[in-house]
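Notes for the one structure printed next.
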Amino acid sequence: MTTPKVPLVIDTDTAQDDCIALLVGLLDPRADLRAITMVAGNVGFDQQIRNAFLTLNVAGRLGEVPVHLGCRRPLVRPWESAENVHGDGVGGMTMDMTNCEPDPEHAVDTLIRLAAESPGELTIVCIGPLTNIATATIKDPTFVDNVKALYVMGGSNNARGNITAAAEFNFYVDPEAAKAVFAAGFNITLIPWAPLTLEHAVFGPDQLAEIEALNTPLSRFFTRVCAATLDFDRSVGINGTTHPDSLTAAVLLHPELVTCTGDYHVDVETQGELTRGYSAMSWGVHGLVSNATVVEEVDANAFYDYLGRTLAGRQGQRV
Ligand SMILES: [Ca+2]
């Protein structure tokens, strides 16, 4: 018996682990990736587009999955980048972009259309700021009900941030969008930065060496893309590369990776003097109704093995 494929869109600010999440969506046999939608986030918008096409190319799927361009800035605030962390997001890789044309349909309209075409079936893997999702929610009142689920990478579960002490980057960049999305009534599974990513989705030096030793086009791509942040990660006390985005895509396709979840009411701070983008996650004792399933633990070894198998594959072209 074959397992039914999971229809999904990946909404991404493509740099580093976003690229690896795209590989998961492009290469996992369980995934039916219907579109890649782009949102302002990690690095310059046009660089993000190039990074998405580089990833499609290495996966051997150029021209098969459309790239749609979405919101180029947050709802209310000016865009802030994480280029100090990511550089260009792909370790300086380039390619001929002659045949890499984004689809002319705006990403927000794509999200609305694809959700409406198969109501209750489409999952959106949200691994950037939530600007496109919030905008789609405002534009089409039926969008929330048409979407099966959102798998959101963002926030921290009563734990430390990354761009500030209080906030994780995706929620910090567009806190108004994040707040709107959590208030909208979606079925949300949330993959937080801390403690989950820091405890369960960091690949240390030995694991990175194992991946490099695979010496496939995909593993070489991984090594080049992810190595660019190693110095930054070490400077902030993380001895390895972090993989919250690829974990988010992986747990959608392989829920058996998840070993513990909790029901939380999640809200996002938009006004705080020191806490812009802070995710307040209430664990059921404050009289608030749950609006998200928060992943609390995953099988870290199984996740690493899964990505290793993906990168060991024969798909992809030389880089
Ligand atoms: Ca991202």
Side-chain angles (χ1 to χ4, degrees), residues 8-26 33 35-56 67-74 79-91 107 111 123-134 150-156 161-164 167-175 177-178 181 188-194 196-198 201-203 221-222 225-226 228-229 232-233 238 241-252 268 277 279 295 303 307:
L8 74 149
V9 171
I10 299 183
D11 189 67
T12 165
D13 55 340
T14 314
Q16 256 88 39
D17 196 44
D18 288 80
C19 299
I20 312 310
L22 289 181
L23 287 183
V24 167
L26 290 164
L33 182 61
I36 296 166
T37 55
M38 196 69 57
V39 67
N42 281 323
V43 301
F45 200 87
D46 293 334
Q47 182 64 47
Q48 293 182 167
I49 300 166
R50 288 192 286 274
N51 297 349
F53 281 113
L54 277 161
T55 310
L56 279 159
V67 176
H68 296 262
L69 310 188
C71 299
R72 288 177 174 263
R73 48 156 285 190
W79 169 65
E80 291 187 38
S81 86
E83 286 162 315
N84 63 316
V85 179
H86 297 286
D88 67 0
V90 286
L111 291 165
T123 296
I124 306 170
V125 175
C126 310
I127 54 176
L130 289 166
T131 319
N132 287 343
I133 309 302
L150 303 180
Y151 273 58
V152 175
M153 190 281 129
S156 284
N162 49 21
I163 190 163
T164 68
E168 174 278 334
F169 177 79
N170 289 344
F171 286 6
Y172 174 87
V173 166
D174 200 341
V181 167
I188 297 178
T189 295
L190 181 60
I191 288 76
W193 170 253
L196 179 73
T197 300
L198 293 177
V202 175
F203 294 171
F221 178 82
F222 175 97
V225 163
C226 294
T229 59
F232 178 86
D233 289 329
I238 303 169
T241 56
T242 57
H243 298 282
D245 297 341
S246 48
L247 177 64
T248 303
V251 298
L252 165 64
V268 178
S279 50
V295 176
F303 170 59
L307 265 196

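It should be emphasised that the depicted structure is a prediction, and the values quoted were computed from it without experimental measurement. In listed order, ligands and their atoms are each counted from 1.
At least one donor-acceptor pair closer than 3.5 Å links the side chain of D88 to the backbone N or O of G91.
Closer than 3.0 Å to the Ca ion (ligand 1) sit the protein N, O or S atoms D13 OD1, D18 OD1, D18 OD2, I127 O, D245 OD2.
For T229, the side-chain hydrogen bond (donor to acceptor under 3.5 Å, both in side chains) partners two or more places apart in sequence, or in a different chain, are D233. Legend: residues meeting salt bridge (Lys or Arg N to Asp or Glu O under 4.0 Å) with E80, ordered by chain and number and at least two apart, are R276. Every side-chain hydrogen bond (donor to acceptor under 3.5 Å, both in side chains) that N132 has, sequence neighbours left out, goes to D11.
Counting only heavy atoms from C-beta outward, the side chains of L8 and I10 approach each other to under 4.5 Å.
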| field | side chain to side chain donor-acceptor pair (under 3.5 Å) between D18 and N51, worked out | value | CA-CA 9 Å; D18 288 80; N51 297 349; over 6 Å; no
